[in-house]
Amino acid sequence: MPRPIDTETSRIGRLWQSATRPATLGGLVITAGLLLVVIPFTEMSAAGGDWWTSALRADAALSLAMTAVAVAAVLALGRLMDRAHLSSPADWLGPMILGVGVCAALAHWVSLHGGIEPVQQTISAGETVQSFDARIDGESLEVMYPRRVEVTDIQTEPSPMAVVRTFKPGEVGQSRRGKLDAGASIGVGDFRLTFVGFSRTDGGLEAVVSSTRDDSIAASAPVGGSFTLTLDGDPYRVEEIVENYLGSVGPAVRVSRSDIGSTWVFKRAAEMSDPPAFEHDLTLETVRRAPAAVFLVSRSTPVWPINVVGILIILGVVGTLFFGSARSNGRNA
Amino acid sequence: MTTWSIVFGLVAGFSALGSIRAGRWAATSAVAVGWLGLLVIGVGLHFGAAGTAGVPQWVPTWSFQGLAAMVAMAACAPSAVLPAMHGGETDTASSVSAGVWSILIAVAAGVWPESWVMGAYREGAVLVAAHGSALAAALSVASAAAGASVATWLGHERGNADLLARRAVVLGWLTWPLAELVHWRIIGTPAVGSPAEWFALGTVLLATGLVILSPRDGETGRAQNLRRLIPVAVFVVLAAGVGISLSQGGWFGLSLPM
């Protein structure tokens, strides 16, 4: 005699009721939350990164947490369908949209894990790079850019700006240039370089030079750069900068110009009461670290997922606060 | 940016006026003063870290302008608390609107063409202010929920603790798309996957799970009575999340050095 079908249905029903209880849903979400909260403290010290800018990779824990959230989302949807007839759509529509938005946000965040992690790269003015030191799944790897990247100029005042040029080797004439304000980006193949700040610790040396002539101004330039001290003067080219010439003379810069050839200018000479006679009228005021541009290198990602996530969550928040169960008390759908 | 600060300041002012007229000036003042204090601490942390070796030298004006907007908008945050504090739901709709819509306006400003707010970085600064405001609103609501929960547990008439806790979590989730937009506008990628992001998502998920565990209407018993203190746990989780993030030298959920 076969067992009545309704008994079996009832057993499944009880299982379903148990699975869609708030205690089950809350437990799954709390489990996911605990994993995400704890992992940074257990894994960060091992990875050696910092709290804000280093990518944290813990795929096993992430998979577990996201599985718990996904299961909770499916069960919550089932619970909602079971109980939708008990309340008006205004009560559950906002929370449902918010839930979908949260799941979309988590899915988008997880999709950004894996592959090449975002890293910072410092490039000095005049420097050209063709690769960056990437981290893939915790391993360091040099990744080539499809085009060479040159920072042709850096401006700190009145507003920060980096002028960047990208080109393929042998095709300098077809280079692309971009004037990047702080926070602006330039695409290089599948990568996106965003100008995020300056560093004075990683930049190359630059010399600040002035002249004893009355109509002159001080100017600075890095190695390879040039400067002019008077309106009608020919430019000097900086060939070498040293912080301590021969280990004892102090800061010095070697400059060249067609009329004087190549010559050294010493800072100490300007400080002497009876300086030796030189063929030039230059004075080295100081040698300092030039500001280098700091870029965040990341994979190019489309912007539409951000818009979708943002719209869903904002609609969900508005729907929940103004129309849903969080609008008034006593409604526990 | 100054214009935006004035706009948000006016919104905050009208919100506060509405609250005072409704006889809730004490609550408004208490929460606003508390949050302004936290902002002062945030400013101190920011400038304390400036110039540290290895930290990129961020645009100095960013902090001033961003924090100016944040101060103006944080004043809106208490308005999100007010509607349910005394059980009145309909007469304070305008102050809820002021708090929430100020956040939405800032979001709109963040995705507006660059010419409006002079560059990607300053758009990011506006969004940081919006993020801070949403977080301030969430924590303010959570603190009110905790208070109402304790009052209920001590035997007073049941208040709006569960409702406020739900609102706190909803506002907490609003911080995430704002964080993605901040990252997009300042560092060019929506997320880095940093410990700060892991921790922030985990904190809000924990609070969400706790809210789901809140007792249903009509449930009784010892366990259910204990669960009536869940709003306190929600507040503790959110506040601890923000506090631990600050102690790590970063803002809650943002992959940016302060």
Side-chain angles (χ1 to χ4, degrees), chain A residues 22-23 25-27 29-30 32-37 39-40 44 49 51-57 69 98 102 105-106 108-109 112-113 117-118 160 181-185 192 194 196-201 294 296 298 301 303 306 309-310 313-314 317-318 320-321 325-330 332, chain B residues 53-54 56-59 62 84 89 96 100 104 107 119-121 123-124 160 162-163 166-167 170-171 173-174 176-177 180-181 184-199 201-214 216-217 248-250 254-257:
Chain A
L25 303 180
V29 176
I30 287 174
L34 279 174
L35 278 169
L36 294 185
V37 163
I39 289 298
M44 190 173 65
W51 183 262
W52 330 286
T53 55
S54 300
L56 175 63
R57 296 289 183 260
V69 172
L98 180 61
V102 166
L106 291 171
H108 180 228
W109 184 66
L112 296 171
H113 284 69
E117 302 168 6
D181 296 323
S185 304
R192 183 178 167 95
T194 305
V196 296
F198 297 117
S199 169
R200 284 195 178 270
T201 55
V294 180
L296 189 100
S298 58
T301 51
V303 71
I306 305 175
V309 166
I313 289 186
I314 287 170
V317 167
V318 172
T320 306
L321 286 181
S325 60
R327 176 173 60 91
S328 59
N329 205 8
N332 285 311
Chain B
Q57 188 179 350
W58 298 86
V59 189
W62 169 80
E89 301 298 334
V96 177
V100 175
L104 301 183
V107 174
Y121 211 92
E123 287 179 38
N160 295 312
D162 295 339
L163 165 68
R166 263 177 277 159
R167 277 193 180 156
V170 167
L171 289 167
W173 277 114
L174 186 59
W176 183 253
E180 283 205 334
L181 283 169
W184 181 256
R185 301 310 295 168
I186 292 183
I187 58 175
T189 182
V192 175
S194 66
E197 293 171 18
W198 280 67
F199 188 75
L201 278 174
T203 300
V204 184
L205 275 172
L206 262 180
T208 306
L210 287 169
V211 162
I212 293 172
L213 286 179
S214 294
R216 309 292 102 177
D217 287 342
Q248 295 287 340
L254 295 185
S255 298
L256 304 172

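Note that the structure is predicted; figures quoted are calculated from it, not measured. Labels below follow one simple rule: chain letters A, B, ... track the order of the sequence lines, proteins then strands, and each chain is numbered from 1. Values below: all heavy atoms of this structure, side chains included; hydrogens, waters and symmetry mates excluded.
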Nearest 0.5 Å, what's the NE2-CH2 distance between His108(A) and Trp176(B)?
10.0 Å
Minimum heavy-atom separation for Trp184(B) and Thr301(A), please, with both atom names.
CH2-O, 3.3 Å
Could you walk me through whether Thr194(A) and Thr189(B) pass the side chain to side chain contact (heavy atoms under 4.5 Å, CB included) test, one step at a time?
CA-CA 9 Å; Thr194(A) 305; Thr189(B) 182; over 6 Å; no
In short, Ala191(B) meets Pro118(A) closest at the heavy-atom pair O-CG, 4.3 Å
Closest heavy-atom contact between Ala23(A) and Leu213(B)?
CA-CD2, 3.4 Å
With a 4.5 angstrom heavy-atom cut-off, could you sort out which part of Leu98(A) is near chain B: side chain, backbone, both or neither?
side chain
Apply side chain to side chain contact (heavy atoms under 4.5 Å, CB included) to residues Val204(B) and Val102(A) and explain how you reach the verdict.
CA-CA 11 Å; Val204(B) 184; Val102(A) 166; over 6 Å; no
Supply the atom-to-atom distance Leu34(A) CG to Leu206(B) CG, rounded to the nearest 0.5 angstrom.
4.5 Å
Atom pair CD1/CG of Ile306(A) and Leu181(B) - distance to nearest 0.5 Å:
6.0 Å
Can you tell me how far the CG atom of Leu106(A) sits from the CG atom of Leu205(B), to the nearest 0.5 Å?
6.0 Å
Using non-hydrogen atoms only, which part of Leu25(A) is less than 4.5 Å away from chain B: side chain, backbone, both, or neither?
both
For Pro40(A) against Trp198(B), the heavy-atom pair lying closest together:
CG-CB, 3.6 Å
Between Ser194(B), Ala207(B), Pro177(B), which shows the greatest number of heavy-atom pairs under 4.5 Å with chain A?
Ser194(B)
Between Ile39(A) and chain B, which part of the residue has a heavy atom less than 4.5 Å away: side chain, backbone, both or neither?
side chain
With a 4.5 angstrom heavy-atom cut-off, could you sort out which part of Ser298(A) is near chain B: side chain, backbone, both or neither?
side chain
Does some side-chain heavy atom of Pro190(B) sit less than 4.5 Å from a side-chain heavy atom of Leu112(A)?
yes
